[in-house]
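First up is the structure itself, then whatever we jot down about it.
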Amino acid sequence: MFGFVLKRVLSAIPVLLMVAVIVFLVLRLSPGDPAVMIAGPNATPEQLEDLRTSMGLNRPLLEQLFIWMGNIARGDFGVSLVSGKPVADLVMDRFGPTLALSITTVILAVAVAIPLGVIAAWQQGKWIDRLVMAGSVVGFSVPVFIIGYVLILIFARKLGWFPVQGYRPMSAGFGEFASRLVLPTVTLSFPYIALIARIVRTNVIEVMNEDYIRTARAKGLAERGVLMDHALGNAAVPIVTIVGVSITMLIGGVVVTESVFNIPGLGRLVLEAVLARDYTVIQTVILLFSTIYVFINLSVDLLYGLFDPRIRY
């Protein structure tokens, strides 16, 4: 088992190095000049050149890359080209809201989607199955920002149950913290509930047609026991896969949801940095997201070995 884990961990290192190089080159070769964004359109060529020199943007591209990667290896993520603040401090200030929103979204999506998918598979062809499938199509087709605005209109503006926008940390009180996360969490979880429920239904139905399921039924095992003890357990590997994929897909949804609900998280930070051409912030946040992505895929690989020991060999 240790060799299995070690091989998976070592295989993640070149992936992260490749991501770091690609992110750096794409940002540096894309149109736009951060010096112009900072100095403004009325700056003289001499002022722009001095600004590029102070930010290190006039050095050869490969030299900039090696300097940046060397600094990253030492834990130095640089300073924001716009605000002058350390990028690590900016990321840590925004990390809390994004982490809270992501965790609550994953918990809600998994807690709702897996039972829905299992029930739909159990009641295949009946009205509840058709209802779950119709809901999954709607949930996966409607854009997240539209769902967010509809929830704001109904539950914040009309009913007044929740705040319209904003975020409060846990230190401000659990009630304030939770009330401002309800609508963003429900909004962001919609497409993932739809996706996970659909995949769970498909895989449970496939497993329910296997010979060992018919044998369990023939031995007199109750339908609930067949479903929970045999079918769901043997469908665990593809379910773990789709849950892992859904978590990695949160990165794109977080940007939109944080913008709709005015949450000061990493999604908003990326959006602000892109508009300002703040290279150091964009590079750091994308590298952080990529690391999380690789870590989630690594965790899914390890869970494969837990649910199906044959994979370890």
Sorted by chain and residue number, the side chain to side chain donor-acceptor pair (under 3.5 Å) partners of Thr105 (sequence neighbours excluded) come out as none
**Prompt:** Linking I/L/V/M/F/W/Y whenever any side-chain heavy atoms sit under 4.5 Å apart, do Leu181 and Val144 land together?
**Reply:** no
Between Thr98 and Glu258, the two heavy atoms sitting closest are OG1-OE2, 2.6 Å
Checking Leu108, Val112, Ile196 against Ser189 for side-chain contact (heavy atoms from CB on, under 4.5 Å), the one that qualifies is Leu108
Here the gap from Leu151 atom CG to Thr187 atom OG1, rounded to the nearest 0.5 Å, amounts to 4.0 Å
Practice item. Indicate, with yes or no, if Leu153 and Val150 share a hydrophobic cluster defined by side-chain heavy-atom contacts under 4.5 Å among Ile, Leu, Val, Met, Phe, Trp and Tyr. Key: no
Give the table of side-chain donor-acceptor pairs shorter than 3.5 Å for residues 263-274, with sequence neighbours excluded, one pair per line with atom names and distance.
residue, atom, partner, partner atom, Å
Arg268, NH1, Asn262, OD1, 2.6
Glu272, OE1, Arg94, NH2, 3.1

Val137 vs Arg198, side-chain contact (heavy atoms from CB on, under 4.5 Å): CA-CA, chis, key distance, verdict:
CA-CA 9 Å; Val137 171; Arg198 195 175 188 89; 3.8 Å; yes
Going only through I, L, V, M, F, W and Y residues with side-chain contacts under 4.5 Å, is there a path from Leu159 to Val182? yes
task = Starting from the C-alpha separation in whole Å, work towards a yes-or-no answer on side-chain contact (heavy atoms from CB on, under 4.5 Å) for Val132 and Arg201.
result = CA-CA 10 Å; Val132 170; Arg201 173 189 178 273; 5.7 Å; no
CD1 (Ile128) and CG (Leu116) are apart, to the nearest 0.5 Å, by 8.0 Å
message: Taking the side chain as everything from C-beta on, heavy atoms only, tell me whether Phe261 gets closer than 4.5 Å to Ile152.
response: yes
Tightest non-hydrogen contact, residues Val285 and Val91, listed as CG2-CG2, 4.1 Å
### Query
Would a distance-only check, ignoring hydrogens and angles, find a side-chain to backbone donor-acceptor pair under 3.5 Å from Ser102 to Leu99?
no
CD1 of Ile199 to CD1 of Ile114, rounded to nearest 0.5 Å, is 12.5 Å
| said: In terms of relative ring orientation, are Phe174 and Phe177 parallel, tilted or perpendicular, with 30° and 60° separating the classes? | reply: tilted
Under a 4.5 Å cut-off applied to non-hydrogen side-chain atoms, are Leu288 and Phe95 in contact?
yes
Heavy atoms of Lys85 and Leu90 approach each other most closely as CD-CD2, 4.0 Å
Separation between OG1 (Thr257) and CG (Leu183), nearest 0.5 Å, reads 11.5 Å
Rounded to the nearest 0.5 Å, the CD1 atom of Ile22 sits from the CG atom of Leu287 at a distance of 12.0 Å
